[in-house]
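Taking it in order: structure first as C-alpha cells, then the write-up.
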Protein chains: 2
Amino acid sequence: MRGTYEALCEHGYTELTAQDIADRTDKSKSLLFYHYDSKEDLLADFLEFLFERFDERVAETRDLSPVERLAVFVDWFLYGPEENDRQSFHVAMLELRTQAPYNEAFREKLRKGDDQLRAVLEEILRDGLAAGEFSEHDPEETAALLIAAFDGARIRQLTIGRDEYLEQVRTATATWVFDDLLAEGASFPADRDPSTLPETDQQHRLAADLGTEGGNGTGDPDDETNGADADGGDAAGDEPTERDRE
Amino acid sequence: MRGTYEALCEHGYTELTAQDIADRTDKSKSLLFYHYDSKEDLLADFLEFLFERFDERVAETRDLSPVERLAVFVDWFLYGPEENDRQSFHVAMLELRTQAPYNEAFREKLRKGDDQLRAVLEEILRDGLAAGEFSEHDPEETAALLIAAFDGARIRQLTIGRDEYLEQVRTATATWVFDDLLAEGASFPADRDPSTLPETDQQHRLAADLGTEGGNGTGDPDDETNGADADGGDAAGDEPTERDRE
DNA sequence: AGTCACTAACTGACTAGTTAGTCAGTGCGG
DNA sequence: CCGCACTGACTAACTAGTCAGTTAGTGACT
C-alpha cells in the first residue's frame, strides 16, 4: 500500500507498472499477483484503503464550530501549489479517476468516496443551519456546488498549470456563496495561515509534506512519517501509518 | 482528424492506438508517422484543430443579449447525460487532459483553450455589466468560479456516473450566483428546453448527436454531419466539417 | 527431540501479446 | 526522373500475468 502510494507519486497512474510498485517494497512483483488477480484489483483495493481513513481524519475537527469546519474544509481542498508531494499524488489520482468510466470497481470505490465527502460537507452546512450560523439554503445543492467548484479548480490547476484558479475560485466562492451564507455580515475567515488551524491538523499537514519520503536519511527510525492527504477529489484519505499488509 | 475524433470516442485516450486512428481513415498507419513525429504530436495537433473552431462557434451567438448568451453558455456546458457521443468524447478528452502534466505540448494547447473559454465568459459578464444587466462583480473571478464549477460537475458526472451533479450545480449556481447577478429580480432562464435556443445552435446540437457516425448508411453523401462539441472543459471546439488534411 | 506432512508466503525466469515507430520500396503527378 | 504521398512488413521494447519450485512456519505423532 505504501509502496503503491509512492509508486503512484513517482510514475503517475498510466505509467505505473506492477514492477514499479514491487520496487517500492522489499517483496517481489509475483507476490502482488499472488494477492491480487490483477493490477486493477490492487489499485481498487488501494482506493478502498484510502477512503477507510477518511472518516477518522474528519473526526478530528469535530469540536470546531460549523464556520470553522467549513474554513478547514476549503483550505484542505484548495491547498497551495507549493505542496509538491500532494500535487503529484493528486495528478495520479486524477488519472485513475478518468479510468473509472471503463472500470466498474474503480467507479464503485470512487462513488463511496464521493458519498463520504458530500456527507461531511452537508453535515457542516446542516449544523450551521441548525446553529443559526448559516442563512437558509439547500445543503445538498450547495455541497454539490462547492465540491464541483473546488474539484474543478484543482483539476484545472493541475492539468494546465494555472495556479491562479485556486485563489480565484476561493475568492469567488467567498464573495458569491460564503458572504451570503454567513448571515450576520461576518466575512469568511481566510484560513490560509496554518496557525489558525487546529493543532492536530497542523501535524497532519506537516506530516503530509514528508509523506512521500517515508523516513528520510536523518530521522529517528521511529517517527511517523504518514498523513499525506490522499484525495482524488472524490473524497480523501491518508496513506499508510505503519506498514499495512504486504 | 475526423478519424482521430471517432477513434477517441470509441477507444478513449489511454486505449487509443495509432492503428485505431488509421482504421478510421482510408490511409495507413505509416502515413500518420510520415506526417507526425509521434502519436502525441498528432494528438497535440488535434487539440490545435479543435480550438481553432471554437471562436467561430461562439460568434454565432453574437447578437444575443448577455443574459441569453450566459444561458446558452451554461446549457452548452451542462448538457444532459443523454448525449452519448459527446460523453464518450469528453471522457477521452479528460483522459487526455490528465496527461498534460507530463506533456508540455498538451499543456500549451490546453492553456490556449482555457484562454479562449475564459475570454468568452468574461466578455459575456463584462457586456452584461456595461449593459446594466448584471450587478457589480469581478468578471475574472466569477468566470473562474463558473468554469471550475461546471467543469467539476461534468467531470464528477463522467467519472463516477453521478448524473445529479449536473442539475444540482446548475440549480446551485442559479441560486447563489445568477439570482444575485441579475439585479432586477429576474430569475435566470432555465434554458433546458432546446426550443428557446437560437436556431443555429439547435442545428449544431442536432448535428452533434449524429457527429460520430459521420454519415449513416441512409444519408445524402453530401450532408454535413459535423458539429459535435469538443471540449475538454478547457475550451471547446467542433470537429471536422469536411475531411480536413490527411 | 526429531521428523514428517501440510500450507501459505514468496520468488525468478519465462511467455504471450501488444504497439510505437522504422524502413525499404512503390506509384504517380508534373 | 524528381520528389512527394503513401504502404506493408518488420522490429525493438515493454509489461501483465504465469508457473514451477523454494522457503519457512506450524502442528502432530512417535
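Each chain gets a letter, A, B and so on, in the order the sequences are listed, and its residues count up from 1.
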Between [atom2] of [N] and [atom1] of [X], the distance in whole Å:
X       : N      : atom1 : atom2 : answer
B:Leu32 : C:dC23 : CG    : C1'   : 16 Å
A:Phe33 : C:dA8  : CZ    : P     : 21 Å
A:Leu31 : D:dT23 : CG    : C1'   : 13 Å
B:Leu43 : C:dG21 : CG    : P     : 11 Å
B:Gln19 : C:dA20 : CD    : P     : 9 Å
B:Ile21 : C:dT19 : CD1   : C1'   : 13 Å
B:Lys27 : C:dT26 : NZ    : P     : 21 Å
A:Tyr36 : C:dA9  : OH    : P     : 12 Å

So if I take every side-chain heavy atom of [X] and compare against [options], which nucleotide ends up nearest?
X       : options                : answer
A:Ser30 : D:dG17, C:dA13, C:dC10 : C:dA13
B:Lys39 : C:dA9, D:dA16, C:dA20  : C:dA20
B:Thr17 : D:dT7, C:dG21, C:dT19  : C:dT19
B:Ser28 : C:dA9, C:dA20, D:dT7   : D:dT7

**OP:** Indicate whether OP1 or OP2 belonging to C:dC10 is found under 4.0 Å from a side-chain N or O atom of A:Tyr34.
**Re:** no
Original post:
Has A:His35 got a side-chain N or O lying under 4.0 Å from the OP1 or OP2 atom of C:dA8?
Top reply: no
Subject >> Residue pair B:Tyr79 / B:His90, side-chain donor-acceptor N/O under 3.5 Å >> reply: yes
Subject >> Backbone of B:Ala143 reached by a side-chain donor or acceptor of B:Arg118 within 3.5 Å >> reply: no
Subject >> Donor-acceptor contact present, side-chain B:Arg170 to main-chain B:Leu78, <3.5 Å >> reply: yes
Original post:
Ignoring hydrogens and angles, are the base of D:dG8 and the side chain of B:Lys29 linked by a donor-acceptor pair under 3.5 Å?
Top reply: no
Original post:
Should the pair A:Glu6-A:Arg2 be classified as a salt bridge under the 4.0 Å nitrogen-to-oxygen rule?
Top reply: yes
Original post:
Touch check for B:Leu16, heavy atoms < 4.0 angstrom, all strands: base, sugar-phosphate only, or nothing?
Top reply: sugar-phosphate
Original post:
Would one find more than 12 heavy atoms of other residues, nucleotides or ligands at under 6.0 Å from atom CD of B:Glu15?
Top reply: no
